Amino acid sequence: MASWAPVYPAVVPIPVDLFVSKKHPGLNGDLGFADSLGNIVFKVNFDKSSKSSFKRVLLDASGNPLITVFRDGKGSWQGFKGGDNREEDLIFRVKRTVKKLTRTELEVFLVGEISRVSTPDFKTSLMYKLHQIYARRSKFRLTIFPGSVDHSLIASLIVIFLYGQ
């Protein structure tokens, strides 16, 4: 007698939704990224001890620094592993470009991929799929599709997009 067992499909990665807002409980005005249950996944602190007003630290839910981003003197942004900005911990560089009056694009250069050619590893824009002239920046949903990019990298790019004026 043959035994029958249900056949389940292979595990398929699913998109992750994060809700970005300054109004999450306990953030004190800092930016937060929460999951669908309202649990903080990432939060962004403005480094008030730094002389630079352009430094942001992306923290995990426990408050550990993941990525520090700051604007260099040339108007570009740099992202560093952890809470420091040591050259050996550099992860990426970002150049902001304005394509149209309402469309800002980030050109991302990953450190391991930097070469003499000045082409970005990828470009991103919040306005890509919104089909709107203006998107609210105080609260919105971010969907991260499965792939090889770390979620903390995506969150740090959102920080640069929102505060990179």
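Side chains are part of it too, since the values below use all heavy atoms of this structure and drop only hydrogens, waters and symmetry mates. These numbers come from a predicted model, not from an experiment.
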Sequence-distant partners of Phe19, ring-ring contact (aromatic ring centres under 6.0 Å, His included), two or more places apart: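 With sequence neighbours excluded, Phe19 shows a ring-ring contact (aromatic ring centres under 6.0 Å, His included) to no residue whatsoever.
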[X] and [Y]: which non-hydrogen atoms are nearest, and at how many Å?
X      : Y      : answer
Phe70  : Trp77  : C-CE3, 3.2 Å
Leu142 : Ile154 : CD2-CG2, 4.1 Å
Asn45  : Leu59  : ND2-CD1, 2.9 Å
Ile160 : Arg96  : O-NH1, 3.2 Å
Gly82  : Thr68  : O-OG1, 2.7 Å

Residues at least two apart in sequence or cross-chain that pass salt bridge (charged side-chain N to carboxylate O under 4.0 Å, His left out) with Asp89, listed by chain then number, are Arg86
Evaluate side-chain hydrogen bond (donor to acceptor under 3.5 Å, both in side chains) for Ser62 paired with Asn64, printing each intermediate quantity in order. CA-CA 6 Å; Ser62 300; Asn64 300 313; 4.5 Å; no
Do the rings of Phe42 and Phe33 sit parallel, tilted or perpendicular, given the 30° and 60° boundaries?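 Aromatic pair Phe42/Phe33 classed perpendicular.
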Could you state the interatomic distance from [atom1] ([X]) to [atom2] ([Y]), rounded to the nearest 0.5 Å?
X     : Y      : atom1 : atom2 : value
Gln78 : Phe109 : CD    : CZ    : 12.0 Å
Arg93 : Ser76  : CZ    : OG    : 9.0 Å
Lys81 : Leu90  : NZ    : CG    : 10.0 Å

According to side-chain hydrogen bond (donor to acceptor under 3.5 Å, both in side chains), who are the partners of Ser36, at least two apart in sequence or on a separate chain?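 Listed in chain order: nothing, the list is empty.
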Which residues satisfy the side-chain hydrogen bond (donor to acceptor under 3.5 Å, both in side chains) test with Asp17, sequence neighbours excluded? Thr143
Sorted by chain and number, sequence neighbours left out, side-chain contact (heavy atoms from CB on, under 4.5 Å) with Ser156 holds for Leu58, Ile67, Val69, Phe92, Leu153
Applying side-chain contact (heavy atoms from CB on, under 4.5 Å), can you list everything that pairs with Ile40, at least two apart in sequence or on another chain?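 Once residues adjacent in sequence are excluded, the partners of Ile40 under the side-chain contact (heavy atoms from CB on, under 4.5 Å) criterion are His24, Leu27, Ala34, Lys43.
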Check whether any side-chain heavy atom of Val44 lies under 4.5 Å from a side-chain heavy atom of Val57, and answer yes or no. no
Any non-hydrogen side-chain atom of His151 less than 4.5 Å from a side-chain atom of Val16?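 Yes. Closest side-chain heavy atoms under 4.5 Å.
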